[in-house]
Amino acid sequence: MSILTSKKEQLSLEIVKALRQAQAEGQLNFTELPDFTVEVPREKEHGDFATNVAMLLSKENHKAPREIAQIITEHFVNVQDWLEKIEIAGAGFINFYLGTAWLYQVLPQVINEDERYGCSNFGGGQRVQVEFVSANPTGLLHMGNARGAALGDTLCNVLAAAGYEVTREFYINDAGNQIENFGKSLEARYLQLLGHDVVFPEEGYHGADLIETVKNIIAEVGDKYLGVEATLRREFLIQKALQEKLSNIKKDLARFGVEYDVWFSEQSLHDSGAIAQTIQELQQKGLVYEKEGALWLKTTEFGEEKDEVLLRSNGLATYFAADIAYHQNKFKRGFEKVINIWGADHHGHVARMKGAMQALGYAPEDLHVILMQLVRLLRGGEIARMSKRSGQYITLSELIDEVGRDAARFFFVMRSPDSHLDFDLDLAKTETADNPVYYVQYAHARINSILLASTEEPVASREVDFTLLKETEEIALIRKIAEFPDEIVGAAVNYEPHHLTHYAHELASLFHSFYNSCRVLTDDAALRQARLFLVDAARITLRNVLLLLGVNAPEKM
RNA sequence: GUGCCCGUAGCUCAGCUGGAUAGAGUAUUUGACUACGAAUCAAAGGGUCGCAGGUUCGAAUCCUGCCGGGCACGCCA
């Protein structure tokens, strides 16, 4: 548990004790303990921690909140040794001042834990599976995929740091209509490249990357599939092309710092009979019926507006049916929490997937879907709409070439998934201080050069007098460092990795302020040692948060 | 028409399980390098939190309605 959390809990216990004592003495009335909070106030003038408990008891007791706060504080006993001051303020807040001694404990802790600093066992090893990107393997990765990759990978890092056991998974959509369409497109390109005048399918994949793929295939097998029966020829081209596309996707994601534990094939669900089995299971529960030659799932029983088709009248399973089988498979593998990161254009799919999970006997809330609003690409101030069909989109690979992995990952995670992301290519291309990632990285590089310039012999932390760190900037920096483990837990439980980019920026900012007002390599040896410890703790924390974001922590820039 | 997301400083966005004077970056203006990296710091101005009601001791945050923008409503995936 972090020092911050333990202080909060300590205060909560004291508050409860005071409440019960006041109740026993007949000064306060409550049937059950109020659900109060102990928080770090936004304004540091409001103390180290504050509670709203008095306001919550106001109504039941027919007393003003400040009056209740007075009663509560009078019942605090034997706290003088660690509580410097209690104050009633504002509308009835109770503010607690703990002094600074407790804060200094965090510095040796950071140095000790080093790359583990910030990690906790909050998740208790709960098994979580995160499925993200899952791009169609028929083309290249676009900005939406890139956002999903940065978001998903960072979320996984955060969850792992918070003590969850995380599995990263990519669902390969290698079945269904778009694969057939893919096959037709490949075949047309194959024939065209070998000098045959064939019409390219209108709904086909027009991207130039497909031509490259087919050229590669021709380089390998030549024209020997010209004479092969069309179904077999398409099948061959599909397998070959999928292989290449997937390997490229893997390569691009790896360049982006994203590595998966599992690549899960949709086709395997068809081949293994898993889909048929899932449908049968739903049938046995009486949730399936036939209409107009198709098989329908009664999703209306789970709050949907209409029922959904599982098996089309041509006998083929829908994407929905395959996805139900896939998600059932996830739960069968023992994941306690299943998280999907989808584009907002899939939002209609969320409720019915949850409904289907409920139908199969799983708790719908164990499936959590993060919807990302779409990425809009700006070029020259104009919105460039991405289109797979036209092939006119910027790929992840190109983005990394242009703006670099660090900037791209930081930018994608910086915004809440709910927010539309305008990615200004021109701006991102300019490597200036406009880019917040440089600001954070600069702090790290700066610390590193201080440590390089120092000729200090290492000393044990117990020999360092941390109480010398009493400047406002020093206390603020320590406080922010102390918040890191709680920051990670907060980002993990709410699935909000974007908080970490803000945290990184704040931490860097506090360091820069400190740097400008406090000289580290001062002649005062005791102060110098204390500050070197502080700076090193800041370095470790900055590096760790950047690591979670998948961003490099450079020693110089 | 129905559903989901968004609307906060000139611009890009945080803050949303209700809490104290609504924050940051950027842009603008003004200061700070003969000491550890000026890719930095310090300071100023900039707001009907889309609008209108409601709940509450207290609302940017919750509820209802409306306005504006995006997305989705297929036996596609």
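Chain naming here is simple, since letters A, B, ... match the order of the sequence lines and numbering starts at 1 in each. Heavy-atom basis, side chains included; hydrogens, waters and symmetry copies ignored. This one's a predicted model, so the numbers in the text were calculated from it and none came from an experiment.
- In this structure, A/His347 reaches the bases: a heavy-atom distance under 4.0 Å links it to at least one base atom across the strands shown.
- As judged by a 4.0 angstrom heavy-atom cut-off over every strand, A/Asn61 is placed among residues making no nucleic acid contact.
- Across all strands shown, B/rC71 forms a Watson-Crick or G-U wobble pair, both distances under 3.5 Å, with B/rG3.
- A distance-only check finds no donor-acceptor pair linking the side chain of A/Thr541 to the backbone of A/Ile481 [under 3.5 Å].
- In this structure, A/Ser509 does not reach the B/rA24 phosphate: none of its side-chain N or O atoms is under 4.0 Å from OP1 or OP2.
- To the nearest angstrom, P of B/rA39 lies 5 Å from OH of A/Tyr442.
- Rounded to whole Å, atom P of B/rA20 lies 18 Å from atom CZ of A/Phe49.
- One interatomic measurement links the two molecules: CD of A/Glu496 to C1' of B/rU61, which rounds to 13 Å at whole-angstrom precision.
- With a cut-off of 3.5 Å on both Watson-Crick or G-U wobble distances, the partner of B/rU64 is given as B/rA52.
- Using the Watson-Crick or G-U wobble rule with both distances under 3.5 Å, B/rA44 pairs with B/rU28.
- Separating the CH2 atom of A/Trp342 from the P atom of B/rC5 is a distance of 15 Å, rounded to the nearest angstrom.
- The 5' end of RNA chain B is approached more closely, in terms of each residue's nearest nucleotide, by A/Leu421 than by the other of A/Leu421 and A/Glu555.
- Nucleotides of RNA chain B nearest to A/Arg42 and A/Ser416 differ in position, and the one nearer the 5' end is that of A/Ser416.
- In this structure, A/Lys298 does not pair ionically with A/Asp307, as no charged nitrogen and carboxylate oxygen lie closer than 4.0 Å.
- A/His62 has its NE2 atom 14 Å from the C1' atom of B/rC57, to the nearest Å.
- Within 4.0 Å (heavy atoms only), A/Leu56 reaches at least one base atom of the nucleic acid.
- Between A/Phe423 and A/Phe412, the ring planes are tilted. Angles from 30° to 60° get that label.
- Within the nucleic acid shown, A/Ala50 comes within 4.0 Å of at least one base atom, counting heavy atoms only.
- Contact annotation for A/Met414: no contact, since no heavy-atom pair falls under 4.0 Å across all strands.
- Distances shown here put every side-chain N or O of A/His512 at or beyond 4.0 Å from the OP1 or OP2 atom of B/rA42.
- Between A/Asn494 atom CG and B/rU61 atom C1' the separation is 14 Å, expressed in whole Å.
- Counting any heavy atom pair closer than 4.0 Å across all strands shown, A/Lys59 reaches sugar-phosphate atoms only and no base atom.
- Two rings, from A/Tyr495 and A/His368, have their centers less than 6.0 Å apart.
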Under 3.5 Å, N/O pairs linking protein and nucleotides 7-12 of chain B:
{"residue": "B/rU12", "atom": "O2'", "partner": "A/Arg415", "partner atom": "NH2", "Å": "2.1"}

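- The pairing partner recorded for B/rG23 is B/rC13, the criterion being a Watson-Crick or G-U wobble arrangement whose two distances lie under 3.5 angstrom.
- Spacing between B/rG10 and B/rG46 at atom C1', rounded to whole Å, works out to 8 Å.
- Of the side-chain N and O atoms in A/Tyr439, one or more sit less than 4.0 angstrom from OP1 or OP2 of B/rC41.
- A salt bridge is defined here as a Lys NZ or Arg NE, NH1 or NH2 lying under 4.0 Å from an Asp or Glu carboxylate O, and A/Lys184 with A/Glu203 fails to meet this definition.
- With respect to the salt-bridge test (charged N to carboxylate O, under 4.0 angstrom), the residues A/Glu308 and A/Lys306 qualify.
- The residue A/Ala445 sits close to a base: some heavy atom pair falls under 4.0 Å.
- Counting only distance, with no hydrogens or angles, the side chain of A/His327 and the backbone of A/Asp323 share a donor-acceptor pair below 3.5 Å.
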For nucleotides 73-77 of chain B, tabulate all protein N/O to nucleotide N/O atom pairs closer than 3.5 Å, reporting atom names and distance.
{"residue": "B/rC75", "atom": "O2", "partner": "A/Ser313", "partner atom": "N", "Å": "2.6"}
{"residue": "B/rC75", "atom": "O2", "partner": "A/Ser313", "partner atom": "OG", "Å": "2.7"}
{"residue": "B/rC75", "atom": "N3", "partner": "A/Ser313", "partner atom": "OG", "Å": "3.2"}
{"residue": "B/rC75", "atom": "N4", "partner": "A/Glu292", "partner atom": "O", "Å": "2.6"}
{"residue": "B/rC75", "atom": "N4", "partner": "A/Glu292", "partner atom": "OE1", "Å": "3.4"}
{"residue": "B/rC76", "atom": "OP2", "partner": "A/Arg312", "partner atom": "NE", "Å": "3.4"}
{"residue": "B/rC76", "atom": "OP2", "partner": "A/Arg312", "partner atom": "NH1", "Å": "2.8"}
{"residue": "B/rC76", "atom": "O3'", "partner": "A/Asn177", "partner atom": "ND2", "Å": "3.3"}
{"residue": "B/rC76", "atom": "O2'", "partner": "A/Asn177", "partner atom": "ND2", "Å": "3.3"}
{"residue": "B/rA77", "atom": "OP1", "partner": "A/Arg312", "partner atom": "NH2", "Å": "3.2"}
{"residue": "B/rA77", "atom": "OP2", "partner": "A/Tyr319", "partner atom": "N", "Å": "3.0"}
{"residue": "B/rA77", "atom": "O3'", "partner": "A/Gln178", "partner atom": "OE1", "Å": "3.2"}
{"residue": "B/rA77", "atom": "N6", "partner": "A/Arg352", "partner atom": "NH2", "Å": "3.2"}

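- When heavy atoms are screened at a 4.0 angstrom cut-off, A/His502 is found touching the sugar-phosphate backbone but no base atom.
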Self-check item: Contact state string [nucleotides 29-36 of chain B, B base, S sugar-phosphate only, - no protein heavy atom under 4.0 Å]
Solution: ------BB
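- Shown here, B/rC33 is classed syn by the O4'-C1'-N9-C4 or O4'-C1'-N1-C2 angle, which is within 90° of 0.
- A salt bridge links A/Lys330 and A/Glu131; the closest N-O separation between the charged side-chain nitrogens and carboxylate oxygens is under 4.0 Å.
- Rounded to whole Å, the separation between the P atoms of B/rA14 and B/rC5 comes to 15 Å.
- Separation of the A/Phe511 and A/His444 ring centroids does not fall under the 6.0 Å cut-off.
- Under a 3.5 Å cut-off, the side chain of A/Glu87 and the backbone N or O of A/Tyr97 do not form any donor-acceptor pair.
- Ring geometry, A/Phe320 versus A/His349: the interplanar angle exceeds 60°, so the pair is classed perpendicular (tilted spans 30 to 60°).
- Side-chain atoms of A/Val403 and A/Phe411, non-hydrogen and from C-beta on, never get closer than 4.5 Å to each other.
- Among the atoms of the strands shown, base atoms are found under 4.0 Å from some heavy atom of A/Ala89.
- Here B/rA24 presents its P atom at 20 Å from CG of A/Asn435, a figure rounded to the nearest Å.
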